[in-house]
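Only one structure is covered here, and it is reproduced in the block below.
These figures come from a predicted structure and were not determined experimentally. Each chain gets a letter, A, B and so on, in the order its sequence line appears, and its residues count up from 1.
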2 protein chains.
Amino acid sequence: MAIGRSPQSSSQTPDQGAARRPSRARGIPEATVARLPLYLRALTALSERSVPTVSSEELAAAAGVNSAKLRKDFSYLGSYGTRGVGYDVEYLVYQISRELGLTQDWPVVIVGIGNLGHALANYGGFASRGFRVAALLDADPAVVGSSAAGLPVRHMDELEEIVETQAVSIGVITTPPGAAQQVCDRLVEAGVTSILNFAPTVLTVPDGVDVRKVDLSIELQILAFHEQRKAGEEPDRGESVLDRAPGPVRAAAAKLRRAAGASAKRTDAKAEPEPAKGGPGQGPEGDLSAVMPA
Amino acid sequence: MAIGRSPQSSSQTPDQGAARRPSRARGIPEATVARLPLYLRALTALSERSVPTVSSEELAAAAGVNSAKLRKDFSYLGSYGTRGVGYDVEYLVYQISRELGLTQDWPVVIVGIGNLGHALANYGGFASRGFRVAALLDADPAVVGSSAAGLPVRHMDELEEIVETQAVSIGVITTPPGAAQQVCDRLVEAGVTSILNFAPTVLTVPDGVDVRKVDLSIELQILAFHEQRKAGEEPDRGESVLDRAPGPVRAAAAKLRRAAGASAKRTDAKAEPEPAKGGPGQGPEGDLSAVMPA
DNA sequence: TAGATTGTTAATCGATTAACAATC
DNA sequence: TAGATTGTTAATCGATTAACAATC
């Protein structure tokens with residue numbers, strides 16, 4: 001392996017995995033691929049209600065996108081609709097499932113069986129869409145031997161054998177951040193070529209290996225950013241208006257920046273705390289250690 | 001509330017929340033906002049190692065992006081670097097923290113204390129970056145009264161009072177999908193304006209409310225898509241090559257599509273299973289019911 | 001045939017990237 | 001001063017969207 005290590009196609013939300021792979025392998029844009037599961041979910045719900053056909057308008061509403069985007073997305077898959085009528089629900093469920101590779105079985109290993117690993121092991125959506133938990137793994141002897149979701153937790157040392165015998169190509173990492181890269185290396189070495197990483201760590205993988213990231217901390221921070229802006233825009237919610245950034249002052253203050261290093265030199269209305277707060281908020285942020293053993 | 005309900009700015013990965021809000025509030029693109037937490041994490045690690053300054057090249061490598069992108073991103077925040085030198089780590093930590101709104105405290109409520117809710121309650125990264133769990137809530141009497149991460153699980157009926165007295169503006173939904181919209185409505189009604197949704201449901205919220213989504217099932221499906229492509233591209237990994245989609249056959253087959261509804265009419269090399277598989281894989285996919293009570 | 005709805009075009013918008021002048 | 005590195009420009013690329021001709 002190690003054909004040319006490259007950082008994962010990180011950049012979180014905007015373009016997860018967009019840089020990876022020839023991407024538009026069969027000409028399907030990444031943005032479209034990322035929406036196919038949404039359509040599939042909406043279609044499955046319609047299917048359960050025995051709805052025979054659906055228009056792009058209806059389906060788009062159910063999936064939370066606009067209809068032009070949906071039709072454009074579907075156009076990459078082929079011409080599966082009927083003008084004047086709409087789309088056959090069952091047929092579309094099948095076509096999208098096939099396009100996503102869900103008509104086959106995907107054995108998955110979960111490494112790191114803490115709270116989160118447990119939650120994932122129990123996750124119903126796992127099995128229901130072609131994914132099957134092949135094994136739960138952990139390096140901690142105290143955890144090995146216990147069981148989660150009816151499956152025994154096995155030792156990391158069994159990884160290679162499990163991956164080989166069960167043809168596992170997808171690995172889920174739910175270890176503490178410190179162990180993530182090491183676990184990742186071992187997964188890749190064993191033959192896993194797709195990784196879903198819950199640890200707040202940038203993983204480095206060889207070409208040909210896909211990494212996707214799920215990061216609670218980042219999502220919350222993005223929400224906080226927008227939340228902060230709201231305070232400044234809607235003075236009716238009289239909460240922390242005094243906490244918002246002045247804005248124009250910012251540019252001017254930039255000039256004074258480095259002179260005193262991190263010392264407060266700016267004229268914000270804010271408390272202007274030092275970057276190195278010392279107390280809480282300075283720890284290994286994004287640390288999942290508290291959540292699970294490695 | 002209900003100023004004009006609109007579906008969340010879904011479309012999962014590509015542009016989470018991009019449509020929402022005036023977005024580039026202070027002129028910062030969504031894609032940049034989504035990367036700021038990554039930079040912050042890398043900078044925090046450097047800070048802990050007492051590294052005084054860092055170049056765009058080094059920091060970009062640590063964050064897993066390219067340096068041009070990083071410099072462009074930083075340019076939206078202001079001129080915080082020094083040509084020929086780089087960026088002052090502490091100062092940049094502070095600036096990004098402030099930009100993201102992390103210099104203030106964000107009380108958060110978690111609704112739905114199953115496995116996942118537990119995992120999140122214990123999540124170390126929560127407290128370490130300005131987020132504080134104000135309360136754990138659940139509607140199930142069997143769960144209410146228990147404790148998680150040292151906090152008592154309180155009943156949903158206390159939601160309104162908690163949100164008001166603690167000025168909670170961020171809510172995390174970890175309920176089963178069936179309860180998510182209802183919980184969301186109640187959160188919004190109580191005054192919450194940012195929601196992080198772990199339930200596999202498209203939430204509808206009024207204007208002014210941000211929704212971000214974390215969806216394990218979707219991430220796995222995206223991985224499966226790419227994994228499927230790999231099988232067709234690298235014949236050396238002799239696994240499920242026979243499972244890949246033929247491709248050219250697709251277009252031709254499209255013509256025959258609707259005639260027999262979902263019936264197999266195509267000439268794939270595949271097993272060509274019916275869309276309505278009947279057995280497993282047809283259930284309420286993405287169901288988190290198994291994970292936690294509501 | 002008339003009405004409905006798809007599939008596609010083309011315009012627009014936002015994000016990425018390389019390159020380099022500015023400047024420490 | 002010479003070397004290093006930022007901040008910005010401009011070109012490129014990909015994604016979104018409205019509009020509408022094709023067609024059921």
Side-chain angles (χ1 to χ4, degrees), chain A residues 9-24 27-36 53-61 63-88 91-92 95 251 254-255 257-259, chain B residues 9-24 27-36 53-61 63-88 91-92 95 251 254-255 257-259:
Chain A
S9 52
S10 49
S11 58
Q12 171 60 2
T13 320
D15 64 353
Q16 276 233 42
R20 193 85 282 92
R21 295 268 93 204
S23 207
R24 317 187 32 177
I28 302 183
E30 269 304 310
T32 296
V33 171
R35 281 188 294 266
L36 292 181
T53 60
V54 66
S55 71
S56 62
E57 202 67 57
E58 295 165 325
L59 184 55
V65 303
N66 84 38
S67 65
K69 193 185 282 182
L70 177 142
R71 288 198 300 278
K72 183 79 169 147
D73 284 341
F74 285 0
S75 76
Y76 294 110
L77 308 185
S79 297
Y80 294 152
T82 306
R83 287 172 214 253
V85 178
Y87 300 90
D88 181 283
Y91 187 66
L92 203 45
Q95 289 300 342
K255 280 286 158 210
R257 64 197 178 299
R258 295 205 63 257
Chain B
S9 53
S10 49
S11 57
Q12 172 58 5
T13 320
D15 65 354
Q16 278 233 42
R20 195 86 276 99
R21 293 268 93 204
S23 207
R24 316 185 35 177
I28 303 182
E30 270 304 310
T32 296
V33 171
R35 281 188 294 266
L36 292 182
T53 61
V54 65
S55 71
S56 62
E57 202 67 56
E58 295 165 325
L59 184 54
V65 304
N66 83 38
S67 64
K69 193 185 281 182
L70 177 142
R71 287 197 302 276
K72 183 79 169 146
D73 284 342
F74 285 1
S75 76
Y76 293 110
L77 308 185
S79 297
Y80 294 152
T82 305
R83 291 160 132 104
V85 178
Y87 300 90
D88 181 283
Y91 187 66
L92 204 45
Q95 289 300 342
K255 281 287 156 208
R257 65 197 179 299
R258 294 204 64 256

Between C1' of C:dT17 and NZ of B:K72, the distance in whole Å: 10 Å
Close side-chain approach of A:V65 to A:D73, heavy-atom, < 4.5 Å: no
Interatomic spacing from OG in B:S55 to CZ in B:R71 - rounded to 0.5 Å: 9.0 Å
Distance in angstrom units between B:D73 CG and D:dT8 P, rounded: 13 Å
Heavy-atom side-chain contact between A:Y80 and A:Y91 under 4.5 Å: yes
Heavy-atom side-chain contact between A:L36 and A:L77 under 4.5 Å: yes
DNA chain C: stems of at least 3 consecutive Watson-Crick or G-U pairs whose donor-acceptor distances fall under 3.5 Å: C:3-24 with D:3-24
Atom pair distance, as rounded to whole Å: CG in B:N66 and P in C:dA19: 12 Å
Derivation and outcome, side-chain contact (heavy atoms from CB on, under 4.5 Å), residues B:L92 and B:L59: CA-CA 11 Å; B:L92 204 45; B:L59 184 54; 4.2 Å; yes
Rounded distance in Å - OH (B:Y76) to P (C:dG14): 11 Å
Student check: side-chain heavy atoms of B:Y87 and B:E58 closer than 4.5 Å: no
Shortest non-hydrogen contact from A:Y76 toward A:P29: CZ-CG, 3.6 Å
Interatomic distance where CZ belongs to A:R35 and P belongs to D:dA15 [whole Å]: 8 Å
N/O to N/O distances under 3.5 Å, protein versus nucleotides 2-6 of chain D:
{"from": "D:dT5", "atom 1": "O4'", "to": "B:G84", "atom 2": "N", "distance (Å)": "3.0"}
{"from": "D:dT5", "atom 1": "O2", "to": "B:G84", "atom 2": "N", "distance (Å)": "3.4"}
{"from": "D:dT6", "atom 1": "OP1", "to": "B:S56", "atom 2": "N", "distance (Å)": "2.5"}
{"from": "D:dT6", "atom 1": "OP2", "to": "B:S56", "atom 2": "OG", "distance (Å)": "2.5"}
{"from": "D:dT6", "atom 1": "O2", "to": "B:R83", "atom 2": "NE", "distance (Å)": "3.1"}
{"from": "D:dT6", "atom 1": "O2", "to": "B:R83", "atom 2": "NH2", "distance (Å)": "3.4"}

Heavy-atom closest pair, residues A:N66 and A:A60: C-CB, 3.7 Å
Rounded distance (Å) that lies between atom C1' of C:dT8 and atom NZ of A:K69: 18 Å
A:E30, nearest nucleotide to its side chain (from D:dA18, C:dA18, D:dA15): D:dA15
